[in-house]
Amino acid sequence: MSQQVEIAIIGAGITGLTCARILQQAGYQVVVLEKSRGVGGRMATRRLQGTIADHGTCYLSPKGEAFRHFIQDLVTAGIVEIWTDAIYTLDAHGQLHAPAASDRAPRYVAPAGMTAIAKFLAAGLEIRCNQRVIHLSLKPNQHWQLTLENTSSEAATESILEAQAVIVTTPAPQAVLLLQPLVDREISEASFNALNAVEFSPCISVMAGYPAEREADWLNQYADVKAIASSQHPDLAWVGLDSSKRPSASHLLLVIQSTAAFARQVLEETDLMPIGHRLLQQTASLAPWIPSPDWLQVHRWRYAFTNQPLQQPYWIAGTPAPLVCSGDWCSGRRVENAFQAGWETAYYLNSQLQNHELKKLSRL
């Protein structure tokens, strides 16, 4: 016997959680399926060496009204606070440059880790972690049948879930793999090709820890520098003083992220530790001690940033039962794009189902 729900959402990133929260508040029965053991997607925080590190999204910088309201809700709830208003730039020669006054704006972080934002959105939702959707098919009753694989145990077990509508919020290349078997039967090739055209760039993220006394070395040299970005350096895209987000950090901790070009060269390497050390060597111009951390961990983001977005709010399969794909990749590469995609997808799906009254776009 399969369990039946109204709406199944695949992926517990910001898009999936935002969409689920809106639809559940409107009265729909929603289940969120996540292949990992936790929520957040690229809003990722890792626990290591007695501390935490944001090795995915490093900060939030709201632009639109709806996202600014959401950030203010998070501030009120004590989830986020202003981290810095200055992102310094690193040129191709390793020289650091202060931002212009016009480029200064509040950047928000979560002292408990950026995953805390996803957990805030997830509160009250039915989320099933360690559940990978391995097959999707349309039944004669015009409901979707999802075959789930439990990823939490060595002996994989399968289960079945039936849903009236499905929303896929994974990165587009992962959605393509899931939906490929439906092409020419339920999904037209032309429509599928639009989804398949979405392109992503990879990234390598390095978390490096140093003795607490290194903080004085950093502050003596860089004073208020907490965040460094680069569009010119061939290998380095980001250097963040991640420990400055924590009220009582016991280590100095840097998070260093690579350019897409660097990541493509090493993406399939089995051992990422030498790759991490290579990136640290690139930071020696900032401080000679950075390439020699007490410890480091390295993470591979295969789908880090959208190169070629969909250029529309969501992708519609055009099937008898609603099937929609959505994510930041629909219109950009920022968390705000993911948030907006969740809103717009929820509004669209509601119009295809019971057309309940939804909350206004200003508040969750």
Side-chain angles (χ1 to χ4, degrees), residues 1-35 38-41 43 66-67 69-70 73 117-133 135-148 159-170 175 178-179 182 186-187 312-328 330 337-364:
M1 293 290 292
S2 62
Q3 182 185 0
Q4 297 187 2
V5 299
E6 285 186 284
I7 302 170
I9 297 180
I10 303 173
I14 295 300
T15 298
L17 295 174
T18 302
C19 191
R21 187 156 177 162
I22 295 167
L23 291 170
Q24 181 169 289
Q25 288 176 346
Y28 291 100
Q29 180 193 15
V30 182
V31 171
V32 181
L33 305 168
E34 170 56 48
K35 68 176 183 178
V39 300
M43 297 285 285
F67 199 56
H69 282 308
F70 176 59
D73 288 344
I117 299 169
K119 291 178 180 178
F120 174 83
L121 281 170
L125 298 177
E126 182 179 352
I127 300 174
R128 301 181 187 178
C129 292
N130 298 307
Q131 296 292 312
R132 185 196 308 272
V133 181
H135 186 68
L136 185 64
S137 61
L138 191 60
K139 299 182 63 178
N141 65 355
Q142 304 304 315
H143 285 187
W144 291 106
Q145 180 174 289
L146 297 86
T147 304
L148 313 178
S159 59
I160 300 296
L161 183 69
E162 188 175 313
Q164 296 177 28
V166 172
I167 302 172
V168 183
T169 68
T170 62
L178 178 64
L179 302 185
L182 301 176
E186 280 86 19
I187 301 174
Q312 58 192 54
Y314 35 73
W315 178 86
I316 304 169
T319 47
L323 172 61
V324 188
C325 293
S326 184
D328 57 357
C330 290
N337 297 126
F339 177 81
Q340 189 71 26
W343 275 107
E344 297 197 26
T345 302
Y347 271 68
Y348 167 75
L349 190 62
N350 178 55
S351 73
Q352 301 301 300
L353 297 176
Q354 299 178 33
N355 210 22
H356 291 169
E357 181 178 353
L358 299 185
K359 296 189 71 174
K360 293 182 178 179
L361 195 60
S362 60
R363 284 288 194 267
L364 276 178

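Index from 1, following the sequence.
- Going from atom CG of L33 over to atom OG1 of T170 covers 11.5 Å, rounded to the nearest 0.5 Å.
- Contact of the K119 side chain with the V39 side chain is registered, since non-hydrogen atoms from C-beta on lie closer than 4.5 Å.
- Here the side chain of E162 pairs no donor or acceptor atom with the backbone of Q4 at under 3.5 angstrom.
- When atom types are taken as modelled, the side chain of T169 and the backbone of G11 share a donor-acceptor pair closer than 3.5 angstrom.
- For the atom pair CG of L182 and OG1 of T319, the computed distance is 8.0 Å after rounding to the nearest 0.5 Å.
- Here the closest heavy-atom approach between residue A341 and residue G327 is recorded as CB-O, 3.4 Å.
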Using the rule given for side chain to side chain contact (heavy atoms under 4.5 Å, CB included), can you reason through Q145 versus I160, listing the C-alpha separation, both sets of side-chain angles and the distance that settles it, and then say yes or no?
CA-CA 7 Å; Q145 180 174 289; I160 300 296; 3.6 Å; yes

What verdict does the side chain to side chain contact (heavy atoms under 4.5 Å, CB included) test give for L146 and I10, after you've listed the backbone C-alpha separation in whole Å, the side-chain angles of each residue and the deciding distance to 0.1 Å?
CA-CA 10 Å; L146 297 86; I10 303 173; 4.0 Å; yes

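- T15 OG1 to N337 CG: the interatomic distance, rounded to the nearest 0.5 Å, is 9.0 Å.
- With contacts defined as side-chain heavy-atom distances shorter than 4.5 Å, the pair L179/W315 qualifies.
- One distance of note links CD of Q312 with CD of E344; it measures 11.0 Å at 0.5 Å rounding.
- Using a cutoff of 4.0 Å between basic side-chain nitrogens and carboxylate oxygens, E34 and R128 are not scored as salt-bridged.
- The shortest heavy-atom contact between V30 and A20 is CG1-CB, 3.9 Å.
- In this structure, the side chain of Y348 does not engage the main chain of I316 through any donor-acceptor pair within 3.5 Å.
- Atom-to-atom distance recorded for L121:CG and I127:CD1 is 9.0 Å, nearest 0.5 angstrom.
- Side-chain contact between Q131 and S159 is present, with heavy atoms from C-beta onward closer than 4.5 Å.
- W144 places a side-chain N or O within donor-acceptor distance of the main-chain N or O of P322, the cut-off being under 3.5 Å.
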Test side chain to side chain contact (heavy atoms under 4.5 Å, CB included) on M43 and I14; report intermediate values, then the result.
CA-CA 8 Å; M43 297 285 285; I14 295 300; 3.6 Å; yes

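- Using modelled atom types, one side-chain atom of Q24 and one backbone atom of G124 make a donor-acceptor pair closer than 3.5 Å.
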Show your working on side chain to side chain contact (heavy atoms under 4.5 Å, CB included) between L323 and L138 and close with a plain yes or no.
CA-CA 10 Å; L323 172 61; L138 191 60; over 6 Å; no

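- Between F70 and I117, some side-chain heavy-atom pair lies under the 4.5 Å cut-off.
- Of all heavy-atom pairs between L17 and A12, the closest is CD1-O, 3.5 Å.
- Counting only heavy atoms from C-beta outward, the side chains of F120 and R21 approach each other to under 4.5 Å.
- Residues I167 and L23 form a side-chain contact, since some pair of their non-hydrogen atoms from C-beta on lies under 4.5 Å apart.
- Between V133 and L178 the shortest side-chain heavy-atom distance falls below 4.5 Å.
- Rounding to the nearest 0.5 Å gives a distance of 11.0 Å between SG of C19 and OH of Y28.
- The heavy-atom pair separating S326 from P313 by the smallest distance is OG-O, 4.0 Å.
- A donor-acceptor pair under 3.5 Å is absent between the side-chain atoms of T345 and the main chain of G342, judged by distance alone.
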